[in-house]
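Report on one structure; see the data block that follows.
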Number of protein chains: 2
Amino acid sequence: MTKETTSRARKPKRGQTREALMAAALDLVVKKAPFSSLSLREVTKRAGVVPTAFYRHFPDMSALGLTLLDESFRTLRHMMRQVRQEELPNERMLRGSLEVYFNYVRNNRAHFLFVSKELAGGTPTMRNAIRREIRMFTNELAMDMARFPFLNHVNAEDLQMMAGLVVNNVTALTQEMLELEEDDEFGQNQVLGTAEKQLRLIYFGVGFWKSKADQ
Amino acid sequence: MTKETTSRARKPKRGQTREALMAAALDLVVKKAPFSSLSLREVTKRAGVVPTAFYRHFPDMSALGLTLLDESFRTLRHMMRQVRQEELPNERMLRGSLEVYFNYVRNNRAHFLFVSKELAGGTPTMRNAIRREIRMFTNELAMDMARFPFLNHVNAEDLQMMAGLVVNNVTALTQEMLELEEDDEFGQNQVLGTAEKQLRLIYFGVGFWKSKADQ
DNA sequence: AAATTAAGTGTACAGGTGTTGACTTAAATC
DNA sequence: GATTTAAGTCAACACCTGTACACTTAATTT
């Protein structure tokens, strides 16, 4: 990661064991247990490699975990950025964004399951990393809301509060969606519909609230 | 639990080991790891008892977990019932309910931490039990909302949606509060304040939303 | 007072765990 | 082509795990 001393980068092409280890861990998280309770041996076994080979790629399991976390959020951030820089928010854009997001969740089930379980049950390091990431999303959302014409009379603190409400709720609905069977399209659409209604309430509700109770 | 065959109940007064085991497990959950990754031996050690003594009280660890879950929700339900049957909802009642609730959370930190970690990381049995319990709270809340004069023109489905929004959010804030240090009163008050603002938005927002967009 | 039962202890075993060190081998660099 | 380095294997260790079985002991029932 830090070393690139010589002129030409030397890439170990042969061993994609590193990726295999990460995939194995993710796999075990999906169909067995939270990451925190996976054993090194179990992961290497599933990766089709001898236990000691693990140390060629990670110092210990928690390092693997952090790498997995990084991977999860790097691609998620990428997607979020694409969603954000679409045209100005309007009526249909809310539904559209939610569809893109939940579609992404469905296509990255393993990563979301991993993150979801670690958010509550992981080591403090893990939990903090995840919470920091979520806080970042909340801040960005608050900034986007500020450009929403309907909301431009709402102060920064209240925007933050609203964004928190949205993020908390979407997080919960994501976990709900992860509990559904992968092919339960009915259930998934139901969650999506609920999400849309709830966000609509939040967005439109604040207009009323602010104009009435400014005290 | 089921047996009470003879005339007089025979209580094993000597061994409060059962309670000790439950307390030990809860203790370990607070300061170490999610319940799922506790070992039987570690629990018995902390309870000050030999490993095999465990089997006199529970068939295995997951039975202990379910008992713990039962205990957690039995007292929580009791508190909720008291909060609910207060006088009709009004302005100050929102704040009051939240204070009672979060105070309860603070006084039952271990149980909430346990539940919070199991909600995402537990066995399917555990997760379902918890989710069922939460769904129950949501339903009860929806019923309470129906009696709210401000909301009596909202149909059942939307009430359910609103209640879900409230419960999701309070759940998230509960987890946020559990991450704070026990003596961080400032942070705790901040969470409480956020909660109040957010719920106010939900409650008052819907009035505007429904009267405007009935479509 | 005798008998029964609940609840504790100690020993033992088979298996899983993380990590060590020395060895092999294939690829990348010189 | 020789050498260095990255990435794999194998064997061994000390420890922790759940659970079976036989044993003790105190309390409750009879």
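It should be emphasised that the depicted structure is a prediction, and the values quoted were computed from it without experimental measurement. Chain letters run A, B, ... following the sequence lines, proteins first, then strands; residues in each count from 1.
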Rounded to the Å, how far apart are [X] [atom1] and [N] [atom2]?
X      : N       : atom1 : atom2 : value
K45(A) : dG15(C) : NZ    : P     : 12 Å
R18(B) : dA6(C)  : CZ    : C1'   : 14 Å
R46(B) : dT17(D) : CZ    : P     : 13 Å
L28(B) : dC16(D) : CG    : C1'   : 15 Å
E19(B) : dA7(C)  : CD    : P     : 11 Å
Q16(B) : dA6(C)  : CD    : P     : 18 Å

Can you measure from CG (L26(A)) to CD (E71(A)) and round to the nearest 0.5 angstrom?
7.0 Å

Go along nucleotides 18-24 of chain C 5' to 3' and tag each nucleotide: B for a protein heavy atom under 4.0 Å from its base, S when only backbone or sugar atoms are that close, - otherwise.
BBBB---

Option passing salt bridge (charged side-chain N to carboxylate O under 4.0 Å, His left out) with D27(B) (candidates K32(B), R46(B), R109(B), K45(B))
R46(B)

Do you know which two heavy atoms are closest between E118(B) and S36(B), and how far apart they sit?
OE2-OG, 3.1 Å

Quick check on dA6(D): is either OP1 or OP2 less than 4.0 Å from any side-chain nitrogen or oxygen of H57(A)?
no

Worked verdict on R56(B) versus T17(B) for side chain to side chain contact (heavy atoms under 4.5 Å, CB included)
CA-CA 9 Å; R56(B) 302 291 175 194; T17(B) 305; over 6 Å; no

State, with a plain yes or no, whether a side-chain heavy atom of [X] is found less than 4.5 Å away from one of [Y].
X       : Y       : result
V29(B)  : P34(B)  : no
L40(B)  : F58(B)  : no
F35(A)  : M61(A)  : yes
R127(A) : L119(A) : no

Identify whether the distance between the nearest side-chain nitrogen and carboxylate oxygen of R106(B) and E182(B) falls below 4.0 Å.
no

Over 60° means perpendicular and under 30° means parallel, so classify the ring planes of Y104(B) and F112(B), tilted if in between.
perpendicular

So Y203(A) and F148(A), would you call those rings parallel, tilted or perpendicular, with 30° and 60° as cut-offs?
tilted

Does anything in residues 62-70 of chain A reach DNA chain C, meaning a heavy atom under 4.0 Å, and if so which residues?
none

Using the C1' atoms of five pairs at each end, what's the angle between the two axes of the helix from dA1(C)-dT30(D) to dC30(C)-dG1(D), to 10 degrees?
20°

